[in-house]
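For reference, the structure is listed below as structure tokens.
Start at 1 and go down the list; that is how both ligands and their atoms are numbered.
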Amino acid sequence: MSDATYLDWPFFEPRHRQLASELDAWCSKHLAHTSHDDVDAACRTLVTQLGAAGWLRHAVSGVAHGGTHDVIDTRAICLIRETLARHDGLADFAFAMQGLGSGAISLHGTPAQRDRYLTRVASGDAIAAFALSEPDAGSDVAAMQCGARIEGDTAIIDGEKTWISNGGIADFYVVFARTDDAPGSRGISAFIVDADTPGLTIAERIDVIAPHPLARLRFDGCRVPLSSQLGGAGEGFKVAMRTLDIFRTSVAAAALGFARRALDEALHRAATRPMFGGLLGDLQLTQAKLAQMATTVDSAALLTYRAAWMRDCGQPVTREAAMAKLVATEGAQEVIDSAVQLLGGLGVTRGHIVEQLYREIRSLRIYEGATEVQQLIIGRDLLKSYGARVQR
Ligand SMILES: Cc1cc2nc3c(=O)[nH]c(=O)nc-3n(C[C@H](O)[C@H](O)[C@H](O)COP(=O)(O)OP(=O)(O)OC[C@H]3O[C@@H](n4cnc5c(N)ncnc54)[C@H](O)[C@@H]3O)c2cc1C
């Protein structure tokens, strides 16, 4: 059970409230008993289920291509991620990656690219992935080395990508590669690469503390037609950043979903656990902990839905999205840790929901820009607004 009164906040329209409540009911019915023993199979099943139920339609833009709207509704994406994360972290992952993996096509795809990929992403018939990071280019994206040599109407990709979510099960990857010698973030272009393209191999499957499909990809003379380029030549960095601008806010929403679930579990335990002749919740130290958890959850929710609402209003959200991700992910880690503490031994028991949340939340503070990167974005933006010149 979750406190849904936040849905009355002015950030939302009636369709958002309806969406959140319908999805919550769907999750209770369909996600309660999903097995994650085989993570690849579970993820494929979840994508199929989410597609069949119509939820993935929110992950792409363009009604003609299966999307719910012609432009991405950031508030809908955030509400979906928050709700899925509250019920099942892997379901949130499956939804999020369909959006992130196809986001560049939604934003920059040609009509032919949108026809070929978006409808299948929305129906759950194709699994998408976003391949930006490399072994030596994570936070420092501009240090990217993976290259694409253009020969006539073909791009030939050589190099590596790592930490690629859905790596190994994806049907296509949006791959960022250097197409000319321009330094830093210039000279990077984006390409759609089908998973069965010769020259693309899964070099390694990576196992992380909250398992989901993840891999290092190898490109050896991998030839793709130039018609698979997304955006113009050299515009890859812009394509990547515009995609991340939408999905960074949704990472905050997922963290919020994990934190709400932890708070629910902690409240239930505090209200029912007999202790010292009363209940755990009778103790004032418990009440203080719960108060801090609830305040952190509301702060994260306000920042998350402010950023989502601003983006839907067409306003720039770089600073606000960074604030939302920073506060929601760091705050969720604290809320979940408090829930583990309140549950005592149960909280660290393998398979218990708060133990799962404890593992689930950790990587959200690292991917799509680590906390320190969000701090830099906010700090630089503040100084820029003040008129100061920032060197780095
Ligand atoms: C579970 C998971 C899924 C992922 N999925 C994808 C995916 O689908 N596609 C994709 O392209 N990538 C993906 N990534 C990669 C992710 O985006 C990178 O891990 C992230 O950008 C950090 O890069 P890195 O791991 O190389 O760490 P590094 O860049 O080496 O950073 C290490 C640490 O340095 C600190 N740091 C970074 N910058 C600064 C700074 N300016 N000042 C001070 N400290 C700083 C931070 O604490 C950071 O965590 C995923 C990662 C994980 C863990």
Side-chain angles (χ1 to χ4, degrees), residues 39 43 47 59 81 85 89-90 92-104 127-146 157 159-178 184-185 188 190-193 195 202-219 230 236-237 239-248 250-251 254-255 258 322 325-326 329-330 333 356 358-381 390-392:
V39 85
C43 220
V47 170
R81 288 204 63 182
L90 200 61
D92 164 60
F93 167 82
F95 175 85
M97 284 315 303
Q98 290 298 90
L100 180 65
S102 68
I127 295 183
F130 178 84
L132 180 68
S133 304
E134 298 181 7
D136 291 326
S139 306
D140 185 5
V141 177
M144 175 179 300
Q145 287 174 5
C146 182
I157 307 175
E160 275 199 352
K161 293 285 166 186
T162 195
W163 308 115
I164 306 310
S165 296
N166 277 344
I169 68 162
D171 293 290
F172 69 89
Y173 299 84
V174 169
V175 179
F176 297 84
R178 209 165 266 295
S185 59
I188 293 171
F191 300 92
I192 310 170
V193 182
I202 304 299
E204 177 192 12
R205 292 298 299 265
I206 305 169
D207 203 7
V208 283
I209 56 174
H212 67 252
L214 196 66
R216 179 163 57 89
L217 314 180
R218 173 96 221 128
F219 298 86
L230 273 165
F237 189 77
V239 170
M241 293 307 125
R242 284 196 64 201
T243 309
L244 289 172
D245 248 1
I246 305 175
F247 290 95
R248 185 165 285 150
S250 83
V251 177
F258 291 144
K325 183 177 186 275
L326 170 66
T329 58
E330 293 291 327
Q333 183 84 63
Q356 288 173 30
Y358 194 76
R359 289 183 289 105
E360 290 279 4
I361 189 57
R362 192 60 187 85
S363 57
L364 276 66
R365 292 167 57 204
I366 297 171
Y367 63 57
E368 293 189 39
T371 293
E372 292 79 357
V373 173
Q374 308 308 327
Q375 287 171 322
L376 284 181
I377 293 172
I378 299 163
R380 283 183 185 149
D381 196 60
V390 184
Q391 298 296 327
R392 281 169 51 91

With side-chain contact (heavy atoms from CB on, under 4.5 Å) as the test, would you mind laying out the steps for Ile202 and Leu217 before giving the verdict? CA-CA 5 Å; Ile202 304 299; Leu217 314 180; 3.5 Å; yes
Distance-only donor-acceptor pairs under 3.5 Å for side chains of residues 167-177, two or more places apart:
{"from": "Asp171", "atom 1": "OD2", "to": "Ile127", "atom 2": "N", "distance (Å)": "2.7"}
{"from": "Tyr173", "atom 1": "OH", "to": "Gly168", "atom 2": "N", "distance (Å)": "3.1"}

Take Arg359 and Val208 through the side-chain contact (heavy atoms from CB on, under 4.5 Å) test and state the conclusion after the steps. CA-CA 9 Å; Arg359 289 183 289 105; Val208 283; over 6 Å; no
Mind running side-chain contact (heavy atoms from CB on, under 4.5 Å) on Leu132 and Leu244 for me, showing each step along the way? CA-CA 11 Å; Leu132 180 68; Leu244 289 172; 4.2 Å; yes
Pairwise, report which nitrogen or oxygen atoms of ligand 1 are under 3.5 angstrom from protein nitrogen or oxygen atoms, and how far apart they are.
{"from": "ligand 1", "atom 1": "5 (N)", "to": "Trp163", "atom 2": "O", "distance (Å)": "2.9"}
{"from": "ligand 1", "atom 1": "5 (N)", "to": "Ser165", "atom 2": "OG", "distance (Å)": "2.8"}
{"from": "ligand 1", "atom 1": "8 (O)", "to": "Ser165", "atom 2": "N", "distance (Å)": "3.0"}
{"from": "ligand 1", "atom 1": "8 (O)", "to": "Ser165", "atom 2": "OG", "distance (Å)": "3.3"}
{"from": "ligand 1", "atom 1": "9 (N)", "to": "Phe130", "atom 2": "O", "distance (Å)": "2.7"}
{"from": "ligand 1", "atom 1": "11 (O)", "to": "Leu132", "atom 2": "N", "distance (Å)": "2.9"}
{"from": "ligand 1", "atom 1": "11 (O)", "to": "Ser133", "atom 2": "N", "distance (Å)": "2.8"}
{"from": "ligand 1", "atom 1": "11 (O)", "to": "Ser133", "atom 2": "OG", "distance (Å)": "3.2"}
{"from": "ligand 1", "atom 1": "12 (N)", "to": "Ser133", "atom 2": "OG", "distance (Å)": "2.7"}
{"from": "ligand 1", "atom 1": "14 (N)", "to": "Trp163", "atom 2": "O", "distance (Å)": "3.3"}
{"from": "ligand 1", "atom 1": "23 (O)", "to": "Ser139", "atom 2": "N", "distance (Å)": "3.3"}
{"from": "ligand 1", "atom 1": "29 (O)", "to": "Ser139", "atom 2": "N", "distance (Å)": "2.9"}
{"from": "ligand 1", "atom 1": "29 (O)", "to": "Ser139", "atom 2": "OG", "distance (Å)": "2.7"}
{"from": "ligand 1", "atom 1": "31 (O)", "to": "Ser139", "atom 2": "OG", "distance (Å)": "3.3"}
{"from": "ligand 1", "atom 1": "47 (O)", "to": "Glu372", "atom 2": "OE1", "distance (Å)": "2.9"}
{"from": "ligand 1", "atom 1": "47 (O)", "to": "Glu372", "atom 2": "OE2", "distance (Å)": "3.1"}

Just list the side-chain donor-acceptor pairs under 3.5 Å for residues 134-143, sequence neighbours left out, or say none.
{"from": "Glu134", "atom 1": "OE1", "to": "Gln145", "atom 2": "N", "distance (Å)": "2.7"}
{"from": "Glu134", "atom 1": "OE1", "to": "Cys146", "atom 2": "N", "distance (Å)": "3.3"}
{"from": "Glu134", "atom 1": "OE2", "to": "Cys146", "atom 2": "N", "distance (Å)": "3.1"}
{"from": "Glu134", "atom 1": "OE2", "to": "Lys161", "atom 2": "NZ", "distance (Å)": "2.8"}

Show me, pair by pair, the donor-acceptor contacts under 3.5 angstrom made by side chains of residues 365-374, not counting sequence neighbours?
{"from": "Arg365", "atom 1": "NE", "to": "Glu330", "atom 2": "OE1", "distance (Å)": "3.3"}
{"from": "Arg365", "atom 1": "NE", "to": "Glu330", "atom 2": "OE2", "distance (Å)": "2.9"}
{"from": "Arg365", "atom 1": "NH1", "to": "Gln333", "atom 2": "OE1", "distance (Å)": "3.0"}
{"from": "Arg365", "atom 1": "NH2", "to": "Glu330", "atom 2": "OE1", "distance (Å)": "3.3"}
{"from": "Thr371", "atom 1": "OG1", "to": "Glu330", "atom 2": "OE2", "distance (Å)": "2.6"}
{"from": "Gln374", "atom 1": "NE2", "to": "Glu368", "atom 2": "O", "distance (Å)": "3.3"}
{"from": "Gln374", "atom 1": "NE2", "to": "Gly369", "atom 2": "O", "distance (Å)": "2.8"}

